[in-house]
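Worksheet for the structure shown next.
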Amino acid sequence: MASAALFFVLLAMATMQPQTASSEKETHLKVYWHDVVSGPDPTAVRVARGAATNTSKTAFGLVTVIDDPLTEGPGLNSSRLMGRAQGTYIAAGKDQLAMLMNMNFVFTTGKYNGSSIAIMGHNAVFTKVREMAVIGGTGVFRWARGYAQARTHTLDLKTGDATVEYNVFIRL
């Protein structure tokens, strides 16, 4: 009985094909993330803060929940809506304005409709290019891995509203 089980294990291993970099599919997505904290209909809401958040120069301890629009171009009202960025960001830098980003890009149109990618990582807001990890996905992005590069397109220091260009590189 044991030799039969060993035979089937060896047979299964012999027929498995290793995944190589050349057999992986690479996808590049470019979307614009619109974080609206001002006005009557914000897409980002502050939900928690630490005891020292109000006196911190970096808002250390501030937790924000987001449901931000993702568009094809930089214009919030003039570009096609591709989906939503849903999740949280946390002011995690004590000495530097840096966010811990934890969000899903949920696509609602086009060939990625119904699919999502999960992004998590460090976002030093005033650094020109920030890189975060793609740690998974659903739908056509099932088994996704890769990285996302964020570049601030516009930032209104009075309102806190921001538009960020995300270039996402995914391997499946």
Side-chain angles (χ1 to χ4, degrees), residues 19 24-50 53 58-93 96-156 159-172:
Q19 178 113 357
E24 293 180 329
K25 181 182 169 193
E26 240 180 74
T27 302
H28 170 235
L29 303 169
K30 181 178 176 180
V31 294
Y32 289 84
W33 178 90
H34 302 274
D35 196 49
V36 180
V37 296
S38 68
D41 191 24
T43 63
V45 179
R46 296 170 178 158
V47 296
R49 62 184 61 237
T53 299
T58 63
F60 181 63
L62 183 65
V63 178
T64 304
V65 174
I66 63 169
D67 187 6
D68 290 343
L70 296 171
T71 61
E72 194 170 56
L76 176 58
N77 298 314
S78 60
S79 296
R80 183 169 76 127
L81 182 68
M82 304 298 291
R84 311 291 296 189
Q86 297 173 330
T88 60
Y89 56 81
I90 301 166
Q96 174 194 30
L97 184 58
M99 303 295 174
L100 167 61
M101 307 297 288
N102 181 21
M103 60 187 166
N104 292 308
F105 282 9
V106 180
F107 296 96
T108 56
T109 60
K111 65 181 179 178
Y112 305 125
N113 184 22
S115 298
S116 68
I117 54 174
I119 297 172
M120 185 175 187
H122 176 256
N123 183 354
V125 176
F126 292 117
T127 301
K128 185 176 180 177
V129 178
R130 290 89 66 195
E131 189 170 293
M132 290 157 263
V134 172
I135 59 172
T138 65
V140 298
F141 298 119
R142 189 175 298 129
W143 300 106
R145 60 188 169 77
Y147 64 98
Q149 291 182 329
R151 290 175 176 81
T152 301
H153 183 269
T154 56
L155 172 62
D156 185 327
T159 64
D161 295 349
T163 299
V164 178
E165 175 188 302
Y166 272 85
N167 279 282
V168 185
F169 301 88
I170 301 167
R171 282 197 178 166
L172 302 168

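Computation of the quantities below employed the complete heavy-atom set of this structure, encompassing side-chain atoms and omitting hydrogens, waters and symmetry-equivalent molecules. Residue numbers count from 1 along this sequence.
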If you look only at distance, which donor and acceptor atoms sit under 3.5 Å apart when one is on a side chain in residues 72-83 and the other is two or more places apart or in another chain?
unit_1, atom_1, unit_2, atom_2, d
Glu72, OE2, Arg80, NH2, 3.4
Ser79, OG, Gly73, N, 3.4
Ser79, OG, Gly73, O, 3.3
Ser79, OG, Gly75, N, 3.4
Ser79, OG, Gly75, O, 3.0

Name the atoms and distances for all side-chain donor-acceptor pairs under 3.5 Å in residues 118-128, with sequence neighbours left out.
unit_1, atom_1, unit_2, atom_2, d
Asn123, OD1, Arg130, NE, 2.8
Thr127, OG1, Ala124, O, 3.4

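- By the side-chain hydrogen bond (donor to acceptor under 3.5 Å, both in side chains) test, Tyr166 is found to be paired with no residue, residues two or more places apart in sequence or in another chain being considered.
- Within 6.0 Å of CZ in Arg142 there are 12 or fewer heavy atoms belonging to other residues, nucleotides or ligands.
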Could you go through residues 100-107 and list every donor-acceptor pair under 3.5 Å that involves a side-chain atom there, pairing it with any protein atom two or more places apart or in another chain?
none

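- Remark: Asp67 pairs with Arg84 by the salt bridge (Lys or Arg N to Asp or Glu O under 4.0 Å) rule, at least two apart or across chains.
- Closest of all the heavy-atom pairs between Ile66 and Ala44 is CG2-CB, 3.8 Å.
- No donor-acceptor pair under 3.5 Å is formed between the side chain of Thr154 and the backbone N or O of Ala162.
- The line from CZ of Arg49 to CZ of Phe60 is 14.0 Å long, rounded to the nearest 0.5 Å.
- Residues satisfying the side-chain hydrogen bond (donor to acceptor under 3.5 Å, both in side chains) test with Thr64, not counting sequence neighbours, are none.
- Summarising the geometry of Thr159 relative to Val37, their closest heavy-atom pair is O-CG2, 3.0 Å, with the distance given to 0.1 Å.
- In terms of the ring pair (Phe, Tyr, Trp, His ring centres under 6.0 Å) criterion, residue partners of His153 (sequence neighbours excluded) are, by chain and number, Tyr32.
- Shortest non-hydrogen contact noted between Leu172 and Ala144 is CD2-CA, 3.5 Å.
- Two residues are said to be in side-chain contact when any heavy atoms from C-beta on lie closer than 4.5 Å; Leu29 and Ile170 meet this criterion.
- Legend: residues meeting side-chain hydrogen bond (donor to acceptor under 3.5 Å, both in side chains) with Ser38, ordered by chain and number and at least two apart, are Asp161.
- With values rounded to the nearest 0.5 angstrom, Arg171 atom CZ is found 6.0 Å from Arg145 atom CZ.
- In this view, Thr43 and Asp68 satisfy the side-chain hydrogen bond (donor to acceptor under 3.5 Å, both in side chains) rule, not counting sequence neighbours.
- Residues passing the ring pair (Phe, Tyr, Trp, His ring centres under 6.0 Å) test with Tyr147 are Phe169, sequence neighbours excluded.
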### Message
Run Ser116 and Thr138 through side chain to side chain donor-acceptor pair (under 3.5 Å) and show every step you take.
### Response
CA-CA 5 Å; Ser116 68; Thr138 65; 2.7 Å; yes
